[in-house]
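Okay, so here's the structure we're looking at.
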2 protein chains.
Amino acid sequence: MKGLTELLKGALEGIVLQHISKGETYGYEITNYLVDLGFEDIVEGTVYTVLLRLEKNGLIDSEKRKSEVGPPRKFYKLTPAGTDYLAEFWTKWTFLAEKMEQLKEK
Amino acid sequence: MKGLTELLKGALEGIVLQHISKGETYGYEITNYLVDLGFEDIVEGTVYTVLLRLEKNGLIDSEKRKSEVGPPRKFYKLTPAGTDYLAEFWTKWTFLAEKMEQLKEK
DNA sequence: TACATGTATATAGTATTACTAGGTAGTCAC
DNA sequence: GTGACTACCTAGTAATACTATATACATGTA
């Protein structure tokens, strides 16, 4: 789906953190994952800015590893702070989603 | 709930449009409504910027009416374009909310 | 060799949006 | 006439996702 840019603000970092929490992964894979999920507008540049910001904020750690099919990959995993942050994210998201559901039904 | 600023981007205009779609209303009332809903960080200035933007974009119309308890109120209602836009908004929101639910459960 | 394709990361600049922090003004109770 | 509540407005800021582009490794192929 297209035209989700504004709705993704704030949500995208939660999506990325959640995906990383399920297993170490890297930007290029995350981008493909998101596009496959249906977020058509998401391109590599968007994902890299999110990853660099999350790392700068101490929510994820990275480790560079060689690849046999291209340049080295930077694998990310959550830090303890990132795990806490992700839990808070879901609290906020759930709050918003429930309010939205109430509004939608009225 | 606090700290929802980023998640509200894109969602707030939908919330406001949905509320207006249920009956003509004005900024001050909308602000109180949102705070009562639990959006603690939302203040009048935020709502007015949303309303002025929506009107500028042709999604709502306004009509000034006298009040007996204060300054005149600007009552807003949806335009046909606003009604269409609101329907699109819910399509996008529902798409995102469903994806988020899938991610959350995994 | 040269070139295209796929893999992989990075970043400067832009647009959009919500929030901050004020200002103006009408009505009413004290 | 002062304060509280009602009601609207706006310039500036911060945060975020997107655009556009650059760099570079690996592989197949012309």
Side-chain angles (χ1 to χ4, degrees), chain A residues 1-17 24-35 39-57 59-60 62-76 85 89 92-93 96, chain B residues 1-17 24-36 39-57 59-60 62-76 85 89 92 96:
Chain A
M1 177 157 315
K2 302 188 68 104
L4 293 174
T5 299
E6 296 309 324
L7 283 180
L8 279 176
K9 287 187 178 176
L12 183 57
E13 66 172 32
I15 296 172
V16 169
L17 284 172
E24 298 185 18
T25 185
Y26 55 99
Y28 189 78
E29 188 280 332
I30 295 172
T31 305
N32 290 334
Y33 168 75
L34 293 172
V35 171
F39 297 108
E40 299 173 36
D41 288 341
I42 291 182
V43 293
E44 296 167 16
T46 300
V47 173
Y48 291 116
T49 55
V50 172
L51 290 170
L52 294 173
R53 187 175 79 233
L54 293 173
E55 184 169 31
K56 184 182 157 201
N57 293 341
L59 304 179
I60 55 178
S62 70
E63 187 186 318
K64 192 171 283 191
R65 295 184 202 152
K66 286 180 186 163
S67 165
E68 295 183 353
V69 295
R73 298 163 172 167
K74 272 179 72 179
F75 281 81
Y76 291 94
Y85 188 90
F89 168 79
K92 290 175 188 171
W93 175 265
L96 178 60
Chain B
M1 176 156 317
K2 302 188 68 104
L4 294 173
T5 299
E6 296 308 324
L7 283 180
L8 279 175
K9 288 185 177 174
L12 184 57
E13 66 173 33
I15 295 172
V16 168
L17 284 172
E24 298 185 18
T25 184
Y26 55 98
Y28 189 79
E29 189 279 333
I30 295 172
T31 306
N32 291 333
Y33 168 75
L34 293 173
V35 171
D36 288 346
F39 298 108
E40 300 173 35
D41 288 342
I42 291 181
V43 293
E44 295 168 21
T46 300
V47 173
Y48 290 117
T49 55
V50 172
L51 289 170
L52 293 174
R53 188 176 77 235
L54 293 174
E55 185 169 32
K56 182 182 158 201
N57 293 342
L59 304 178
I60 54 177
S62 69
E63 187 185 318
K64 192 172 282 191
R65 296 183 202 152
K66 285 180 186 164
S67 164
E68 295 182 352
V69 295
R73 298 164 173 167
K74 271 178 74 178
F75 281 82
Y76 291 94
Y85 188 90
F89 168 80
K92 290 176 188 170
L96 178 59

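A note on names: the letters A, B, ... follow the listed sequences, proteins ahead of strands, and every chain is numbered from 1.
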Task: E29(A) and R73(A) ion-paired at < 4.0 Å - done: no

Open item on the list: I'd like to know whether V47(B) forms a side chain to side chain contact (heavy atoms under 4.5 Å, CB included) with Y28(B), so could you lay out the CA-CA distance, the side-chain angles of the two residues, the decisive distance to 0.1 Å, and finally the verdict.
Closed with: CA-CA 8 Å; V47(B) 173; Y28(B) 189 79; over 6 Å; no

- [ ] Determine whether more than 12 heavy atoms belonging to other residues, nucleotides or ligands lie under 6.0 Å from atom OH of Y85(B).
- [x] no

Task: Strand-adjacent residues in residues 45-55 of chain B, judged by heavy atoms under 4.0 Å from DNA chain D - done: G45(B), Y48(B), T49(B), L52(B)

- [ ] Give me the first and last nucleotide of DNA chain C, going 5' to 3', that has any atom under 4.0 Å from a heavy atom of chain B.
- [x] dT17(C) to dC28(C)

- [ ] Quick one: label E68(B) by what it contacts on the DNA or RNA (base, sugar-phosphate, nothing), any heavy atom closer than 4.0 Å.
- [x] sugar-phosphate

Open item on the list: If the test is side chain to side chain contact (heavy atoms under 4.5 Å, CB included), which one of M1(A), E6(A), K2(A) qualifies with L4(A)?
Closed with: M1(A)

TODO: Take the protein atom CD of E13(A) and the nucleotide atom P of dC18(D), then report the distance between them rounded to whole Å.
DONE: 13 Å

TODO: Report the distance from atom NZ of K9(A) to atom C1' of dT16(D), rounded to the nearest whole Å.
DONE: 5 Å

- [ ] Please tell me if the side chains of Y33(B) and T25(B) come closer than 4.5 Å, counting only heavy atoms from C-beta onward.
- [x] no

- [ ] Map G27(A) and L4(B) onto DNA chain C by nearest heavy atom, then report which one ends up closer to the 5' terminus.
- [x] G27(A)

- [ ] Would you kindly give the CD1-to-C1' distance between I30(B) and dC9(D), to the nearest whole Å?
- [x] 15 Å

- [ ] May I have the distance from R73(B) (atom CZ) to dT6(D) (atom C1'), rounded to whole angstrom?
- [x] 8 Å

Task: Shortest non-hydrogen separation from L12(A) to T46(A) and the atoms involved - done: CD2-CG2, 3.6 Å

Task: Side-chain N or O of K74(B) closer than 4.0 Å to phosphate OP1/OP2 of dC9(D) - done: yes

Task: For V16(A) against L54(A), the heavy-atom pair lying closest together - done: CG1-CD1, 4.1 Å

Task: For the student: nearest non-hydrogen atoms of L96(B) and L7(A), plus distance - done: CD2-O, 3.8 Å

Task: Under the side-chain contact (heavy atoms from CB on, under 4.5 Å) test, residues paired with K74(B) that sit two or more places apart - done: L52(B), E55(B), S62(B), K64(B), Y76(B)

Task: Length of the line joining E6(A):CD and dT16(D):P, which is rounded to integer Å - done: 13 Å

- [ ] Have a look at S67(B) and say if it touches a base, only the backbone sugar-phosphate, or nothing, with a 4.0 Å heavy-atom cut-off.
- [x] sugar-phosphate

Task: Between dA20(D) (C1') and I42(A) (CD1): distance, integer Å - done: 17 Å

TODO: Could you tell me whether the side chain of E44(B) has a donor or acceptor atom within less than 3.5 Å of a complementary atom in the base of dC8(D)?
DONE: yes

TODO: Figure out the CG/P separation between D41(A) and dA20(D), and round it to whole Å.
DONE: 12 Å

Open item on the list: Quick check on dA7(D): is either OP1 or OP2 less than 4.0 Å from any side-chain nitrogen or oxygen of Y26(B)?
Closed with: yes

Open item on the list: Applying side chain to side chain contact (heavy atoms under 4.5 Å, CB included) to Y26(B) and L51(B), what does each step give before you reach the verdict?
Closed with: CA-CA 9 Å; Y26(B) 55 98; L51(B) 289 170; over 6 Å; no

Task: Nucleotide dA7(D), atom C1' - distance to NZ of K64(B) in whole Å - done: 10 Å

- [ ] Please tell me which of P72(A) and G70(B) maps to the more 5' nucleotide of DNA chain D, matching each residue to the nucleotide holding its nearest heavy atom.
- [x] G70(B)

